[in-house]
Every structure is written in C-alpha cells, then in structure tokens.
2 protein chains.
Amino acid sequence: MGPGLDDRATQVLRYIVEDYIATAEPVGSRTISKMMGQALSPATIRNIMADLEEMGYLAQPHTSAGRVPTGAGFRYYIDYLLARRTLARGDVDQLNRAAEEGNAPADELVRQVSRLLANLSRQTSVVIVSRPDHQVLRSVNLMRAAVDKILLVAVMQGGWVQHRLIEEEPGLTGDDLEKINAYLNELAGGLTLPQLRVRILTELRQEKAQYDAVMRRALTVGARALEDTASGEVFVEGRANILDQPEFAEDVHRLKRILRAFEEKSVIFRLLDRAMDSKAIQVSIGPENPVEDLGDISVVASGYRQGESAVGSIGLIGPVRMDYSRVIPLVEYTASLLTTMFGQR
Amino acid sequence: MGPGLDDRATQVLRYIVEDYIATAEPVGSRTISKMMGQALSPATIRNIMADLEEMGYLAQPHTSAGRVPTGAGFRYYIDYLLARRTLARGDVDQLNRAAEEGNAPADELVRQVSRLLANLSRQTSVVIVSRPDHQVLRSVNLMRAAVDKILLVAVMQGGWVQHRLIEEEPGLTGDDLEKINAYLNELAGGLTLPQLRVRILTELRQEKAQYDAVMRRALTVGARALEDTASGEVFVEGRANILDQPEFAEDVHRLKRILRAFEEKSVIFRLLDRAMDSKAIQVSIGPENPVEDLGDISVVASGYRQGESAVGSIGLIGPVRMDYSRVIPLVEYTASLLTTMFGQR
DNA sequence: TTTAGCACTCCTGTAACGAGAGTGCTAACC
DNA sequence: GGTTAGCACTCTCGTTACAGGAGTGCTAAA
C-alpha cells in the first residue's frame, strides 16, 4: 500500500504492529503465518521480516526473540496502513452527554470531557488552554477583593473565566468601580485582552481622557490589570492509567520520569503545543515528541478552536504502543466537541 | 516515658521506629545495641523486643528477620515519644515567600504553597477547600456569559473566587444587570452564600419588593443562582513523590490503588475531612484513616480557618513509615500559614 | 538480670540447567 | 526463482540447588 514496500511486506508489517499493540510482546514468524491463514509459511515470513528489519521498520530485542516495530515502523503504519476505525456509537453518546452538562462552568466541563476521554482510551488525557490571550472577551468586571486589592474578572466568549489581582489605585469607592466597569465594558466588546489593553492605551492619549477623571482612572486601572499576560491552564486526567501499560508498570524509573512530567505545566505545554496550530491531528511517536527526556511516550493530540483562532489542544499521552486506530478518532472527535462547545456558548 | 513501658523498652521502641523510618528495612537487635552505644547486648535487646512484640508494638515479617513497628507501635511513638523537631529556618522562609507572592489569585497561591510543602516533605501534598459555603462574601457580581447564560462571580473575604452559571431570566439588559449587582452587593456584605440566599428570600416577601420590578428581578435571579451549593475543591501536588518510597515503588498494584485514589475528589475529601474541625493536627496511621481501601497509607493533616470558621484542610499523604517528627511541624506551620493568608486578604 | 554461645530459620543472590520460543541458513521442492 | 522444510543455534525464563548472611530463640553460665 504505502511506498517502498510490496503488498506482502506491507501486510506483514501491519500484522506485526497490530499484534504488538495488542500484546506488548515481540511477535514471531509463526504467529504472523497463522494470522494470515497459513498463506505463507513461517520461513517465508522470516525472510520478509529480515527485509523489514533491514529497512528500519522492525527491531529485535535480542537474537532469538520475535520482532518489535521501531518508531519508523509505527510511523509507516500510521501514515499508510492505519484502518481508521469509526467511533463506537456508545462512546460518542457518552462524550456528547459529558459536554452537555448544563450549568457547569467551562473549566469544569473541560475537565469532565477530558476525564471521560481518559477512561474511554485507557490512557492519560491532557488538555491545555493555552492562549487565553487569543480568546475574545464577552465582558469584564472589577470587583473589590481585599482592602487594597481589586480583582479583574474577564468572561470570554467561550464561557471561560479569568481572574487577575491588582493593587488598588487608592481610594476607589464602590460607585467608582461601577462606573469604571461600565466604561470598560463599552470598550471591551469583541476584543481579546491584549487588544483591549492597546485600545485603552490609545484611549488614554485621547484628549477627552485628560478632562474626565473617572475615565482616566478607569483606563489606568484597566491598563494595569492587563500588564501581564495569563499563562494558560493544564488539566491532566487518568494518570493512573499508565500503570495499566506493562512497559511502564515494570520500570519504576520510567514511571517516575513520566509522573514528574505530568506535574510540570511547561512540559505538558511543550508536548501539546505543536498540535494547536495545525488543523489535522498530530501524532508524535516516541522520540518525535518535543521533550527529549520523554522519548519513550507517544502523544496523540489535536487543537481546538474558538471561532477561528486556536486556543488550546487536547490529547492523550501513552506508550508508543498505543491503539492508534481507536485513539485517533477519539481524540479527533473530542477536539471537535470542544470546538463546538466553545463556539456555542 | 509513655504508659505501660519501662524506660528501656521505650527507648528500644523509639530507636526501632526511627531506624525503620530512615531505612524502610526491618531492624535487628545488633543495630539497636550499637545505636545505644553498646549499653546493652544484642541478646538483651532481643528479650525486650520479644516483649514489645507480645504487646503488639512490633512485628516480624518472618522468623529470622528484624522487627518492624506495627500500627500500634507508630501510634505509641507519635503519642508519647515523638521529639518534635522545630522547623528549619530555611523551610519557614521558603513557605513564607511562597505565601507572599503578590498578585496571584487565592487558588494559585494555595497551589504554590501546597507544592512547596510536597517538595519539602518529599510526600504528596493535598489541600481541600471544603466549605465554600462557610466563607464570608466580600462582593458578588452577575456577568453575561453567553446569550442565554449569566455568570455569578462571588469573591470571598479570603480572596477566594467562585463562579456559577445560571440560565438567564430572559431579556436582561446590561443596565439591568448593573442595577441588580448594586442591589445584591448591598445585601451581601458579611454574609455567606447560603445566608445571602435566605436574606434574599425574606426580602422577596417584603412589601416593597412587590412594587419595584428591578428589585424583584434582582432577587429572583440571585435566589436562583444560589440554589445549589458549591462542592469544594481539591489540589494534589507531588504525586510522583510516592515513587520515592520503596514500599510503594515495588508494588504496582498498591501504586495503582493510591494513584486512583488521588483522582477521586470524594476519596481525598474523606481522608482530610476529619482534620478540618479539630483544632489540633490529625495523624491517621494506616488503617486508622477513614478509607478502608487505603489501609497502607498515613495521613497527616490539619484544618485551616478563615476567621473563626473552618473552611478546609491541608495535609500530606504517604507511607505509614513517614518521618513524623519532621512532617508534623511542617503541616502545622503550613496550615497556620493558610489561616493567616485567608485572614489578611 | 545480663549475656555469650549456638542451633535454627529464612531470605537473597548465584550458578546450573532444561524447556521453549524464535531465528538464520541451507538445501530441497515446485 | 520464489517457497519451504529441516536443523543448528541463541537467548530468555523459570526451576532447582546451594552457600552466605542476617537475625532469632533458647540455654546455660556469669
């Protein structure tokens, strides 16, 4: 099917990858011969396997073990051989139901969907909300949070909520706040946070701002609140699932490395960042993923959008030996679900 | 020192517990004899050990292994023998610094402190914010969140923020919202959310509400927003630390059980709930903790307050063989830190 | 009451070994 | 020429045997 391999080699490769995905054990020539209905004898299969090994698609853990697909082998499988299974009706239903949960706030909803994805795939699910700055505002509000602190609350089009604390301009009354709020909301409609900031700064240079004290105050407070940009959020669900994978469960060291990675926001970001901008789903096999310390895991991820702009991505993290035919459509569907979720709200 | 044991037995028990905490291995009579400066021979120690075993404080994994403290042994140690180490200056400084981080919102701050606690103790740190309903309001605000949804944002005295989504009363303009906000804030000062709800309901029955349409609307929207109570939040930090404990790292099954527990909010709640109301720090050794499935872990936890009312608790989860002399003061201090954090803001 | 001495138990690591799975190569077969 | 049966070879894995070590319990002497 794919380039560089004849029909038989292609089939053998496919069987090996699929059996390996199912069993996590090296697969031998006898097994493949049986799978193919004895059409070819084990000896013939062995010849083909030797060829595939020479081309870099297979490897032997040791001389007299069966073959294991290499990274390249998995890559070939995914690019050319993958029979994309359609999603089970039940899975779709469950996901839809999780996304519909009426009055949960956006973050709760995302967490629920992500958790379900983790359960369905038996892998670890990760969501990043990575570009709060690309999200479009619906409304903003300043609230008193402490004697000397004000809280800026921003509600985004998708229903996402952000806060930031700012030191208070001394002496603001509740009435002042209300006026400022009204004024800010007038400016804010349809802008992103950084855009709002620019807008405020230009407004401040306008003449009328010079004469209206409240307005000036509103603008300076607003500008201050928007000085630093938000860093984004990460949700990880189903960490315990990696223990179902024999390749990780065996090896404590590996396990620790991975669990530590899950605790570092920045690492998660690096893993999923790439998927955010590309339209298609991204599969990073082992060392293909951007974190060198995690060369033994795969990431299947897809960005989701709010309207036109990419705001985050969702994905699964697991062993290289993942069931891609099942997992890829799952992630795709979930990502599209998030996109519509954020679109509608 | 403690009841029921003479001086020597007490000392032997202490040494065994401390050595076992340090090494995670059964400790033998020779080791103890050396630790005591050869004051007693191994044979004597063995006699004492046999006594301690009979009393239920020690156990042998098998004949001809050293002794291991039982749950009762640890309990005795903590109740009567624990030399509470004072906190290292450096640890205190680090914690203070983490808690001071100027403009982070409350949840971020709590997460940081918790993470640091996990690092300092090399255990898994858990915080629950368990009684959002006991926290006193500073201000509330209704914001438009979608075409047909309104977001209630409540800022608590401690700087904590809560949201809830509500279906919109049809046809509210921005102006209406502002008026409602002003009105609600007038009512809200110093109340908890459920108290506010009661207040609103009585207000609704008052005569003047009958004649003022905006007010009536404000009240009904407000009442609706407060119908369901918030469930509280959980932060877990330092999960990977349990892999540093040999007793867990060895045993995948155990590990999985614990990691799964960390993913269940309700389980975490059950583990830490008890600590919330008692003034003193709570130590649950192994099977003493309220989750029967987790009879092989210990929980050291302490509640923290906001003003007078208990609003949550913070603790460490780890093996029974924890370094209590270090961990207890750490948790105590961190809890007090949270209390002052929430008091000041 | 303490302790030296000793037999005994149990774990742990190592080595030896056979069974099993799988390979590569060669020679025969179609 | 491609395919395959046959076979020697390699490597893993589980079992067994065995020696060393750590630690105990008991007895008898100090």
Side-chain angles (χ1 to χ4, degrees), chain A residues 5-13 15-20 22-70 73 246-247 249-251, chain B residues 5-13 15-20 22-70 73 246-247 249-251:
Chain A
L5 294 184
D6 63 22
D7 246 35
R8 290 192 323 177
T10 301
Q11 271 220 6
V12 170
L13 179 57
Y15 278 124
I16 291 180
V17 171
E18 283 171 2
D19 191 67
Y20 182 65
T23 66
E25 309 254 291
V27 5
S29 50
R30 273 176 58 87
T31 316
I32 299 300
S33 171
K34 269 186 209 149
M35 281 180 150
M36 298 174 58
Q38 315 269 16
L40 294 174
S41 78
T44 314
I45 304 285
R46 281 204 287 279
N47 291 329
I48 302 175
M49 280 169 139
D51 294 346
L52 286 170
E53 181 165 3
E54 206 179 356
M55 288 188 265
Y57 295 129
L58 298 180
Q60 274 181 302
H62 55 86
T63 346
S64 73
R67 254 63 167 218
V68 164
T70 60
E247 49 265 72
E250 281 163 4
D251 182 349
Chain B
L5 294 183
D6 63 22
D7 248 34
R8 288 193 326 180
T10 301
Q11 270 220 6
V12 170
L13 179 56
Y15 278 125
I16 291 180
V17 171
E18 284 172 1
D19 191 66
Y20 182 65
T23 66
E25 310 254 290
V27 5
S29 51
R30 274 175 57 86
T31 315
I32 300 298
S33 172
K34 271 185 208 151
M35 280 177 149
M36 298 173 59
Q38 315 271 13
L40 294 175
S41 80
T44 313
I45 303 286
R46 281 205 288 279
N47 290 330
I48 302 174
M49 280 168 139
D51 294 346
L52 287 170
E53 180 165 5
E54 204 178 355
M55 288 187 265
Y57 296 131
L58 297 180
Q60 274 180 303
H62 55 86
T63 6
S64 96
R67 255 60 169 221
V68 163
T70 61
E247 50 263 72
E250 277 162 7
D251 183 348

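Lettering of chains follows the sequences in order, A, B, ..., and the numbering in each one begins at 1. Worth saying up front: this structure is predicted, and the values here are computed from it rather than measured.
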_Residue Met49(B), side-chain atoms from C-beta onward, closest of dT24(D), dC11(C), dT9(C)_ = dT24(D)
_Phosphate contact (dT3(C) OP1 or OP2) by Thr44(B) side-chain N/O below 4.0 Å_ = yes
*Calculate the interatomic distance between Ile48(B) atom CD1 and dG23(D) atom C1'; express it in whole Å.*
16 Å
*Starting from C1' on dT3(C), measure out to CZ on Arg30(B) and report it in whole angstrom.*
14 Å
*asked:* How long is the straight-line distance from CD1 of Ile32(B) back to OG1 of Thr44(B), given to the nearest 0.5 Å?
replied: 13.0 Å
_Using every non-hydrogen atom in the two residues, find where Ala65(A) and Pro61(A) come nearest and quote the distance to one decimal._
CB-CD, 4.1 Å
*Does Gln38(B) or Val27(A) map to a spot on DNA chain C nearer the 5' end, using the closest nucleotide for each?*
Gln38(B)
*Using a cut-off of less than 4.0 Å, is there contact between a side-chain N or O of Arg8(B) and OP1 or OP2 of dT2(C)?*
yes
*Looking only at heavy atoms, what is the nearest atom pair of Thr70(B) and Gly56(B), with distance?*
OG1-O, 2.6 Å
*Taking all atoms of both residues into account, what is the closest heavy-atom pair of Gly28(B) and Met49(B), and its distance?*
C-CE, 3.9 Å
*Measure the distance from CD1 on Ile16(B) to C1' on dT24(D) and round it to the nearest whole Å.*
13 Å
*When the nearest nucleotide of DNA chain C is assigned to His62(B) and to Leu40(B) on a heavy-atom basis, which residue is associated with the more 5' position?*
Leu40(B)
*Taking atom C1' of dT1(C) as reference, at what distance in whole Å does atom CG of Asn47(B) sit?*
10 Å
*asked:* At less than 4.0 Å, is any side-chain N or O atom of Ser29(B) found next to OP1 or OP2 of dT24(D)? Yes or no.
replied: yes
*Any Ser41(A) side-chain N or O less than 4.0 Å from OP1/OP2 of dT3(D)*: no
*Please answer whether the main-chain N or O of Asp19(B) pairs with a side-chain N or O of Thr23(B) as donor and acceptor at a distance below 3.5 Å.*
yes
_Under-3.5 Å donor-acceptor pair between Ser64(A) side chain and dT10(D) base_ = yes
*Once you round it to whole Å, what is the distance between P of dC9(D) and CD of Gln60(A)?*
18 Å
*Between dT3(D) (P) and Met36(A) (CE): distance, integer Å*: 11 Å
_What is the separation between atom CG on Asp51(A) and atom P on dC25(C), rounded to the nearest whole Å?_
12 Å
*With respect to the phosphate group of dG25(D), does any side-chain polar atom (N or O) of Arg67(B) fall under 4.0 Å of OP1 or OP2?*
yes
*Interatomic distance, Arg46(A) CZ vs dT26(C) C1' [rounded to whole Å]*: 12 Å
